[in-house]
Each structure stands twice: as structure tokens, then as C-alpha cells.
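Just below is one structure, and these are the notes that go with it.
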Amino acid sequence: ALRNGVANAAYATSKAALLQLCRSLAVDYGKAGLRANTVCPSWVRTEMADRRMTRFAEEAHLGDGGADAAYEEATRLVPAGRPGEPAEVAEAITWLLSPAASFVNGATLTVDGGVTAVDPGTSAFDFSIAPRA
């Protein structure tokens, strides 16, 4: 919803629409007590993500590393240096549902290890990115 990739127009558009729907719900029904927030994670180690990473490892010829090698490749520019864990996303959602977040409404919370803070245009200055064989 916050960033886009190649050949991803329909998926990215649907995610962005959900962000705006959430904001609209917050505006329209906030006075009635509704809190509507979105959580935007990056790669999180789940069974579904593992299947995609295994396929990516095969397509990119990452050797015998399988999903682990693919996660390493996919999270290379993530400041946390790794994918998220399901419990980390659940903790963020638990906080949003708690009284501690009672004044949070219409917000988008990134749970992404810092990846949306990275400026891709400057990544070449701090990282060595080489084409895959």
C-alpha cells in the first residue's frame, strides 16, 4: 500500500484503496467510537511467505539456501536486516486494539523493520548491490 513493485498495479492499487477506506471510516464514524487503523508489515516469516521465498530462491538461482537465502536477499536493504516474525505484527495490532492506543484513529502503522524509512535512491552509497547470476 505504501510502495510499489514491477507488474504490481492491481495489487498495489487494492492495498492503497484499503488505506483510504480505513481513513474514511475513521472520519465518518470516529464520533461513534469506531477506531479504524491499518497495519502495513513488510516481509514476515509465515508459511505463505516461505512458499513465495522458496519459489524466489529457485527463480533467482540462490543455491541451496532455499527460503533463508531468499529472505536474506529480500531484506538486504531493511535496516533491521531480517524479515519480521508474526508475533511482532500481532504485538502491534494488540497495542492498536488496547486502551493505550485509544486516541489513534485513521493511522497507518508500518511494522517493517524500517524499510519504508530507506531512500532507495541513496542505497547505492551504503550498499553493494550486484546482479544475480
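Starting from 1, each residue takes its place in the sequence as its number. Remember, predicted model here, so these are calculated numbers, not experimental data.
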Please report the closest heavy-atom contact between [X] and [Y], naming both atoms and the distance.
X      : Y     : value
Leu19  : Cys40 : CD2-SG, 4.0 Å
Ala67  : Arg45 : CB-NH2, 4.0 Å
Val115 : Ser42 : CG1-CB, 4.0 Å
Leu109 : Ala92 : CD2-CB, 3.8 Å
Pro41  : Val89 : CB-CG2, 4.0 Å
Gly106 : Asn37 : N-OD1, 3.1 Å

Any donor-acceptor pair under 3.5 Å linking the side chain of [X] with the backbone of [Y]?
X      : Y      : result
Ser14  : Tyr11  : yes
Asn105 : Leu34  : yes
Thr110 : Asp112 : no

Determine, using the 4.5 Å side-chain heavy-atom cutoff (strictly less than), whether [X] and [Y] are members of one ILVMFWY cluster.
X      : Y     : answer
Leu18  : Leu2  : no
Val104 : Val39 : yes
Val111 : Trp95 : yes

Can you tell me if [X] has over 12 outside heavy atoms packed within less than 6.0 Å of its [atom1]?
X      : atom1 : value
Asp119 : CG    : yes
Glu85  : CD    : yes
Glu88  : CD    : yes

Rounded to the nearest 0.5 Å, what separates atom [atom1] in [X] from atom [atom2] in [Y]?
X     : Y      : atom1 : atom2 : value
Arg23 : Thr108 : CZ    : OG1   : 4.5 Å
Leu96 : Thr38  : CG    : OG1   : 8.5 Å
Phe56 : Asp50  : CZ    : CG    : 14.0 Å
Met53 : Glu58  : CE    : CD    : 13.0 Å

Salt bridge present between Arg52 and Glu59 (N-O < 4.0 angstrom): yes

